[in-house]
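What follows is a short report on a single structure.
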Amino acid sequence: KPSLALFAFLEKGVHWPWQVRANLQNKDLARKVGIPTETLRLISVSLWGGGKNTRTPLHSDCMHAIIIQVAGSKNFFLCNRQAVQDAVQRGTIPQAVLDYAATENFQVDGDQNHIFGLSAEEPTRIDGELANLHQGDALVLPAGLYHDVACANDEASLSLTVRFEFDDDDGKVNKFGSEEQQKLRRFLLKLALKKAAASHYQHHHESSNRQD
């Protein structure tokens, strides 16, 4: 059964790529971390854990999501549908990635740098951007945005995923509007400030201990 104890065991005792995912029945955790649930319709809340070098291939999801990095770090290679269409036309990405957007349609061995040519002057396979998530960081993933996710090569990763939709007064799902974007920006800013304050406190605490 997925648990923090299982994650700790896998982190220390398993030396090959692994991943585990657990859906949380209680969605109160999303509210406790400050997600503006009064304007979002929560679909699911889940924990995801993966060993070092674990990678989830390029795909997209049909729901918006907020990813909060709890422990370790992950790299998100992000690209839009137009970039995928262009890559399909060049023959560097399978047509199935565009048609079905599922992880099983892009099973390519190697790390993200090798697969996408991140260190090259020009993208070797597809145009995109890399987002690095460290402990305390958060990333908003709009529905339909393609992403390829890899854990760091030196530590396991644990993250919280909150999938959501917007509701208008008639109960219809809306796309990201300016008001929703502003509320999510405020949430991310608060999260960033909390992380900065925690980092400052930890640095001050460590400095005090060294002086003692």
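Numbers here are sequence positions counted from 1. Remember, predicted model here, so these are calculated numbers, not experimental data. Scope of the values below: all heavy atoms of this structure, side chains included, with no hydrogens, waters or symmetry mates.
The backbone N or O of Asn113 sits less than 3.5 Å from a side-chain atom of Asp111, completing a donor-acceptor pair. Of the possible donor and acceptor atoms, none in the side chain of Glu155 sits under 3.5 Å from a partner among the backbone N and O of Cys151. Of the possible donor and acceptor atoms, one in the side chain of His64 sits under 3.5 Å from a partner among the backbone N and O of Ala143. No side-chain donor-acceptor contact under 3.5 Å links Tyr146 to the backbone of Ala83. Put simply, the side chain of Arg125 never gets that close to the backbone of Phe116: no donor and acceptor are under 3.5 Å apart. For His134 (side chain) and Asn132 (main-chain N/O), no donor-acceptor pair under 3.5 Å exists by modelled atom type. Proximity of a side-chain donor or acceptor of Arg81 to a complementary backbone N or O of Gly144 within less than 3.5 Å is not detected.
Side-chain contact between Leu130 and Asn75: present, with at least one pair of heavy atoms (C-beta onward) separated by less than 4.5 Å. With contacts defined as side-chain heavy-atom distances shorter than 4.5 Å, the pair Leu58/Cys79 qualifies. Put simply, the side chain of Thr103 reaches to within 4.5 Å of the side chain of Pro57, judged on heavy atoms. For the pair Asn23 and Arg21, the minimum side-chain heavy-atom distance is below 4.5 Å. At least one side-chain heavy atom of Leu133 sits less than 4.5 Å from a side-chain heavy atom of Ile67. Contact annotation: the side chain of Ile115 never approaches that of Phe77 to less than 4.5 Å [non-hydrogen atoms, C-beta and beyond]. In this structure, Ile93 and Leu98 have side chains that are not in contact, with every pair of non-hydrogen atoms separated by 4.5 Å or more. Using a 4.5 Å cut-off on side-chain heavy atoms (C-beta onward), Leu160 and Val45 make contact.
Counted by atom type alone, Asn105 and His59 present zero donor-acceptor pairs between their side chains at under 3.5 Å.
Residue His147 comes nearest to Leu78 through the heavy atom pair CB-CD2, 3.7 Å, listed as atom of the first residue, atom of the second, then distance. Of all heavy-atom pairs between Gln135 and Val70, the closest is CG-O, 3.1 Å.
In terms of hydrophobic clustering, with Ile, Leu, Val, Met, Phe, Trp and Tyr side chains grouped at heavy-atom distances under 4.5 Å, Val84 and Leu118 are assigned to a common cluster. Criterion: ILVMFWY side-chain heavy atoms under 4.5 Å apart, direct or through other members. Under it, Ile66 and Leu42 are part of a common hydrophobic cluster. In this structure, Val162 is a member of the same hydrophobic cluster as Leu158, with clusters built from ILVMFWY side-chain heavy atoms closer than 4.5 Å.
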Gln69 vs Ser157, side-chain hydrogen bond (donor to acceptor under 3.5 Å, both in side chains): CA-CA, chis, key distance, verdict: CA-CA 8 Å; Gln69 193 65 23; Ser157 172; 2.7 Å; yes

side-chain hydrogen bond (donor to acceptor under 3.5 Å, both in side chains) assessment of Asp109 paired with His114: CA-CA 9 Å; Asp109 292 333; His114 170 75; over 6 Å; no

From CA spacing to verdict: side-chain contact (heavy atoms from CB on, under 4.5 Å), Thr56, Asp148: CA-CA 6 Å; Thr56 303; Asp148 185 290; over 6 Å; no

Derivation and outcome, side-chain contact (heavy atoms from CB on, under 4.5 Å), residues Leu47 and Leu24: CA-CA 7 Å; Leu47 280 172; Leu24 304 181; 4.3 Å; yes

Chi angles and distances behind the side-chain contact (heavy atoms from CB on, under 4.5 Å) call for Arg55, Val149: CA-CA 6 Å; Arg55 176 175 156 262; Val149 189; over 6 Å; no

Chi angles and distances behind the side-chain contact (heavy atoms from CB on, under 4.5 Å) call for Thr54, Trp48: CA-CA 12 Å; Thr54 298; Trp48 184 95; 4.3 Å; yes

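Rounded to the nearest 0.5 Å, atoms CE (Met63) and CG (Leu141) are 12.0 Å apart. Distance check, rounded to the nearest 0.5 Å: CD of Gln89 to OG1 of Thr92 gives 10.5 Å.
At most 12 heavy atoms of other shown residues, nucleotides or ligands fall within 6.0 angstrom of atom CD in Glu129. Within a 6.0 Å sphere centred on CG of Asp99, heavy atoms belonging to other residues, nucleotides or ligands number more than 12.
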